[in-house]
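Here the structure is laid out as structure tokens; the discussion comes afterwards.
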Amino acid sequence: QVQLVESGGGLVQAGGSLRLSCAASGRTFSSRFMAWFRQAPGKEREFVAAMRWSDDATYYADSVNGRFSMSREYAKNTVYLQMNSLKPEDTAVYYCAAGGAVLRWSIGRLYDYWGQGTQVTVSS
């Protein structure tokens, strides 16, 4: 089992920054990827970013590439999503996930564990 707890969401103006955290516990070594997904009201869940657990390689959705950055702190078994130059369209509930499959890091249904989500609201 893997437990994931997100934090760091909030309200920010367009152009601002936020950093989300996802603290992982349990059998995290059994997961190939740690990832962030988001879901806006009335929209489907979408992939944001992923990090391969074995070598920290990162992958980003085109919509956030160059603005968001995913990192990891080994000592705390925590991953972060640094979000810069935020836009109103980034408004969503952001979820941390563990699991994934080789070459398929962006497919949500392949992730086994999910956090409870944290709300990010970007005002214009």
Side-chain angles (χ1 to χ4, degrees):
Q1 289 289 331
V2 175
Q3 294 79 41
L4 304 172
V5 179
E6 303 104 329
S7 61
L11 173 64
V12 64
Q13 288 189 332
S17 298
L18 280 176
R19 189 178 78 160
L20 305 184
S21 301
C22 174
S25 60
R27 297 172 58 88
T28 55
F29 57 85
S30 65
S31 298
R32 292 185 183 275
F33 295 92
M34 294 290 291
W36 291 93
F37 290 80
R38 67 187 182 187
Q39 188 166 20
K43 294 187 176 181
E44 293 187 355
R45 181 179 61 197
E46 65 173 352
F47 168 75
V48 175
M51 174 178 282
R52 188 162 53 211
W53 216 229
S54 61
D55 62 2
D56 293 355
T58 52
Y59 306 89
Y60 299 95
D62 289 343
S63 59
V64 306
N65 196 24
R67 299 188 298 122
F68 290 12
S69 176
M70 192 170 176
S71 62
R72 174 181 177 180
E73 185 172 357
Y74 283 84
K76 295 184 177 180
N77 215 25
T78 297
V79 295
Y80 302 97
L81 184 68
Q82 178 67 43
M83 306 186 295
N84 299 326
S85 302
L86 282 162
K87 305 175 181 179
E89 50 263 44
D90 294 319
T91 295
V93 177
Y94 283 70
Y95 297 92
C96 178
V102 175
L103 300 180
R104 305 178 77 181
W105 51 81
S106 67
I107 301 177
R109 60 180 173 81
L110 297 180
Y111 284 79
D112 302 305
Y113 304 100
W114 293 82
Q116 81 286 356
T118 185
Q119 176 71 47
V120 171
T121 303
V122 184
S123 64
S124 57

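Every heavy atom of this structure was used, including side-chain atoms; hydrogens, water molecules and symmetry mates were not. Heads up: numbering here begins at 1 and tracks the sequence. Model, not experiment: these values are computed from the prediction.
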Problem set entry | Over 12 foreign heavy atoms within 6.0 Å of CD, Gln116 | yes
Exercise. Partners of Glu46 by side-chain hydrogen bond (donor to acceptor under 3.5 Å, both in side chains), sequence neighbours excluded?
Worked result: Arg38
For this session: Report the distance from atom CE of Met70 to atom CE of Met83, rounding to the nearest 0.5 Å.
Result: 12.5 Å
For this session: Would you please name every residue forming a side chain to side chain contact (heavy atoms under 4.5 Å, CB included) with Thr121, sequence neighbours left out?
Result: Leu11, Thr91, Gln119
Exercise. Centroid-to-centroid, Phe47 to Trp36, below 6.0 Å?
Worked result: no
Exercise. Going by distance alone, is a donor N or O of one side chain under 3.5 Å from an acceptor N or O of the other, for Gln3 and Ser25?
Worked result: yes
For this session: Decide yes or no for Asp56 and Tyr74: does some side-chain heavy atom of the first lie under 4.5 Å from some side-chain heavy atom of the second?
Result: yes
Problem set entry | Polar side-chain atom of Thr78 near backbone of Lys76 as donor-acceptor pair, under 3.5 Å | yes
Problem set entry | Distance-only polar pair, side chains of Arg52 and Tyr59, donor-acceptor under 3.5 Å | yes
For this session: Using a 4.5 Å cut-off on heavy atoms from C-beta on, say whether the side chain of Phe68 contacts that of Leu81.
Result: yes
For this session: Applying side chain to side chain contact (heavy atoms under 4.5 Å, CB included), name anything that partners Asp112, two or more places apart in sequence or on another chain.
Result: none
For this session: Could you tell me whether the side chain of Arg72 reaches within less than 4.5 Å of the side chain of Trp53, counting heavy atoms only?
Result: yes
Problem set entry | Any side-chain heavy-atom pair of Gln82 and Ser71 under 4.5 Å | no
Problem set entry | Side-chain donor or acceptor of Asn77 paired with backbone N/O of Ala24 under 3.5 Å | yes
Exercise. Would you say the side chains of Tyr80 and Glu73 form a donor-acceptor pair under 3.5 Å?
Worked result: yes
Exercise. Taking the six-membered ring for Trp, are Phe37 and Trp114 parallel (under 30°), tilted (30 to 60°) or perpendicular (over 60°)?
Worked result: tilted
Exercise. Do Val93 and Thr118 have side chains that get closer than 4.5 Å, going by heavy atoms?
Worked result: no
